[in-house]
Amino acid sequence: MKYRNAAQILPDDLLKELQKYAEGQAIYVPKRSHRKKWGQNTGTRTFFLQRNEEIRNKYRHNISIEELADEYSLSYETIRNILYR
């Protein structure tokens, strides 16, 4: 990321106000656009939501946590977290 001098891009009044809070410090100014949640662009979020729902349904049909852990290659604790969330 390239840094820009605030004195070159901000109006004097805004620069003076900003200096009250962060004089001499590097700060990050986020974009105004709304940021998407993790995995929304790639479909990963949807994949995990569907997988977790499938795990819950199988557990409701008496598949044990150990069997689910083996089937999905997840730890016993991860399956428990998915079930009890």
Side-chain angles (χ1 to χ4, degrees):
M1 175 184 292
K2 184 177 178 184
Y3 292 100
R4 296 179 62 193
N5 188 333
Q8 295 174 347
I9 58 174
L10 298 177
D12 287 336
D13 293 342
L14 181 57
L15 180 60
K16 287 177 185 173
E17 189 65 25
L18 185 60
Q19 286 171 329
K20 290 179 188 177
Y21 300 97
E23 186 171 15
Q25 297 179 29
I27 62 170
Y28 171 75
V29 180
K31 293 181 181 182
R32 282 186 283 188
S33 63
H34 179 66
R35 192 171 166 201
K36 291 185 178 182
K37 292 183 179 181
W38 174 87
Q40 284 184 325
N41 285 342
T42 62
T44 304
R45 184 180 197 82
T46 303
F47 169 79
F48 285 120
L49 289 172
Q50 289 174 346
R51 181 204 65 186
N52 293 351
E53 190 56 35
E54 190 176 290
I55 289 171
R56 288 184 199 98
N57 285 335
K58 287 183 178 185
Y59 183 73
R60 284 184 207 115
H61 288 91
N62 298 322
I63 306 291
S64 71
I65 294 177
E66 291 85 0
E67 290 173 299
L68 291 168
D70 287 341
E71 181 179 344
Y72 290 94
S73 300
L74 297 171
S75 70
Y76 182 92
E77 290 78 18
T78 300
I79 297 292
R80 278 191 38 212
N81 287 337
I82 290 168
L83 294 174
Y84 301 122
R85 215 174 276 167

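Since this is a predicted model, take the numbers as computed values, not measurements. Note that the numbering runs from 1 along the sequence shown for the chain.
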Kindly give the heavy-atom pair with the smallest separation between Ala69 and Tyr76, and that separation in Å. CB-N, 4.2 Å
Mind listing the closest non-hydrogen atom pair of Ile79 and Leu74 along with its distance? CD1-CD1, 3.8 Å
Does Leu18 belong to the same Ile/Leu/Val/Met/Phe/Trp/Tyr cluster as Ile9, with side-chain heavy atoms less than 4.5 Å apart forming each link? yes
In the structure I gave you, are the side-chain heavy atoms of Lys58 and Glu71 within less than 4.5 Å of one another anywhere? yes
Flag the pair Leu68 / Ile82 as yes when at least one side-chain heavy-atom distance between them is below 4.5 Å, and no otherwise. no
Approximate separation, where rounding is to 0.5 Å, of [X] [atom1] and [Y] [atom2]:
X: Asn52; Y: Asn57; atom1: CG; atom2: CG; value: 11.0 Å
X: Thr44; Y: Arg51; atom1: OG1; atom2: CZ; value: 11.5 Å
X: Leu49; Y: Glu54; atom1: CG; atom2: CD; value: 12.5 Å
X: Glu17; Y: Leu10; atom1: CD; atom2: CG; value: 12.0 Å

Do you know which of Thr78, Leu83, Ile65, Ile63 makes side-chain contact (heavy atoms from CB on, under 4.5 Å) with Ile55? Leu83
Hey, is OH on Tyr59 packed in by over 12 heavy atoms from elsewhere, all under 6.0 Å? no
More than 12 non-hydrogen atoms from neighbouring residues, nucleotides or ligands closer than 6.0 Å to CG on Asn5, yes or no? yes
If the plane angle is over 60° it's perpendicular, under 30° parallel, otherwise tilted; pick one for Phe48 and Trp38. parallel
Charged N to carboxylate O below 4.0 Å: is that the case for Arg60 and Glu53? yes
Would Glu77 and Arg80 pass as an ion pair if we require N to O under 4.0 Å? no
Side chain of Gln25, backbone of Ala22: donor and acceptor closer than 3.5 Å? no
